[in-house]
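Each remark here refers to the structure printed beneath this line.
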Amino acid sequence: MNDAANPTHFLLVEDDDDHVEFFRRAMKDAKLANNFSHVADGEAALAYVGREPPFEAAIEPDVIILDLHLPKLNGLEVLRALKSDPATSDIPVVVMSTSDAAPDRKQAYEAHANSYLVKPMDVEKFHEMVRDLGLYWSVWNQRARDAA
């Protein structure tokens, strides 16, 4: 299990400001030893993970929360790029989308998403889902990068 000395760092790739705020509140309310960074488009996500300008000092994410419908590069393009690069292929990617379409889920899993979550329309359910997501990845999950 992860602890306060080794908090989980989430990278939230989301272009909807309301969803970013819901995510932030839910993580704060869960009172877990975690933190997150946010970028609003697919190009910024890849620059962040690659520590390219302006993200040279970025904290390496332990988990990426990825929306599918993003400007510049869509979520599937980002997911494919991350999973095809040996330097980033072991970072868990959780797709969190408003889409419940079977083709979207299928494509995400074929591109090696670690999980696919459909954003609830109800704010309280969204809050609950993010809290549980934070608990899972921060408390229960054993990270590959901690195994050395």
Side-chain angles (χ1 to χ4, degrees), residues 1-99 104-120 125-148:
M1 283 187 219
N2 303 318
D3 56 32
N6 193 17
T8 300
H9 185 81
F10 293 87
L11 173 60
L12 177 62
V13 185
E14 173 63 67
D15 63 326
D16 185 311
D17 291 338
D18 290 335
H19 292 176
V20 173
E21 182 59 21
F22 296 154
F23 187 91
R24 185 196 63 73
R25 274 195 226 147
M27 291 297 237
K28 181 180 177 189
D29 291 349
K31 297 181 177 136
L32 298 169
N34 58 36
N35 51 60
F36 80 96
S37 298
H38 165 250
V39 295
D41 65 66
E43 283 182 3
L46 294 179
Y48 181 100
V49 174
R51 293 192 176 132
E52 298 169 5
F55 303 106
E56 298 92 340
I59 299 169
E60 183 176 8
D62 296 303
V63 180
I64 298 171
I65 310 298
L66 179 65
D67 189 19
L68 285 183
H69 304 290
L70 296 167
K72 299 185 181 179
L73 288 176
N74 72 42
L76 285 174
E77 292 170 312
V78 172
L79 178 60
R80 288 181 185 117
L82 290 168
K83 294 302 183 175
S84 67
D85 183 344
T88 58
S89 64
D90 65 339
I91 301 172
V93 177
V94 176
V95 172
M96 191 167 67
S97 177
T98 55
S99 173
D104 286 341
R105 291 192 317 266
K106 183 175 180 358
Q107 287 180 331
Y109 281 120
E110 285 175 345
H112 305 288
N114 295 86
S115 186
Y116 190 105
L117 303 174
V118 177
K119 296 175 190 172
K125 292 287 185 193
F126 188 95
H127 190 92
E128 184 179 331
M129 182 188 72
V130 171
R131 183 201 65 219
D132 291 347
L133 172 77
L135 280 169
Y136 176 78
W137 289 104
S138 296
V139 177
W140 299 112
N141 185 63
Q142 298 295 305
R143 298 184 297 214
R145 292 181 179 206
D146 293 342

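Fair warning: this is a prediction, and the values are worked out from it, not measured in the lab. All values below come from the heavy atoms of this structure, side chains included, with hydrogens, waters and symmetry mates left out.
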Show the atom names and distances, to 0.1 Å, of all donor-acceptor pairs under 3.5 Å that link a side chain in residues 70-80 to residues at least two apart or in another chain.
unit_1, atom_1, unit_2, atom_2, d
Asn74, OD1, Leu76, N, 2.9
Asn74, OD1, Glu77, N, 2.9
Glu77, OE1, Asn74, N, 2.8

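Tyr48 contributes no side-chain N or O that, together with a main-chain N or O of Pro61, makes up a donor-acceptor pair within less than 3.5 Å. A donor-acceptor contact shorter than 3.5 Å links the side chain of Lys83 to the backbone of Ile91. Distance alone, capped at 3.5 Å, is enough to place a donor-acceptor pair between the Asp62 side chain and the His9 backbone.
Atom CG of Asp29 and atom NE2 of His127 lie 4.0 Å apart (nearest 0.5 Å). How far OG1 of Thr8 is from CG of Leu135: 10.5 Å, rounded to the nearest 0.5 Å. Expressed to the nearest 0.5 Å, how far CZ of Arg51 lies from CD1 of Ile59 amounts to 9.0 Å. Separation of atoms OG (Ser138) and CG (Asn35) is listed at 9.0 Å; rounding is to 0.5 Å. Asp90 contributes atom CG, which lies 10.0 Å from atom CG of Asp85 (distance to the nearest 0.5 angstrom). In this structure, CD on Glu52 lies 10.5 Å from CD on Glu43, to the nearest 0.5 angstrom.
A heavy-atom distance below 4.5 Å is not found between the side chains of Phe22 and Asp16. With a 4.5 Å cut-off on side-chain heavy atoms, Phe126 and Met96 count as touching. Side-chain atoms of Val94 and Trp137, non-hydrogen and from C-beta on, do get closer than 4.5 Å to each other. Looking at Leu82 and Leu46, their side chains come closer than 4.5 Å, going by heavy atoms from C-beta outward. Between Asp104 and Tyr116, some side-chain heavy-atom pair lies under the 4.5 Å cut-off. You'll find the side chain of His19 stays beyond 4.5 Å of the side chain of Leu12, heavy atoms only.
Residue pairs meeting the ring pair (Phe, Tyr, Trp, His ring centres under 6.0 Å) criterion with at least one member in residues 65-89, sequence neighbours excluded, do not occur.
Across all their heavy atoms, Asp41 and Val13 have their closest contact at O-CG1, 3.9 Å. Minimum interatomic distance between Leu11 and His38 (heavy atoms only, all atoms of both residues): CD1-N, 4.4 Å. The two atoms that bring Thr88 and Ala81 nearest to each other are OG1-O, 4.3 Å, heavy atoms only. In terms of heavy-atom proximity, Pro120 sits nearest to Lys125 at CB-CB, 3.6 Å. Ala44 and Val39 make their closest contact through CB-CB, 3.8 Å (heavy atoms, listed as atom of the first residue, atom of the second, distance). Of all heavy-atom pairs spanning Val20 and Phe36, the tightest one is O-CZ, 4.5 Å.
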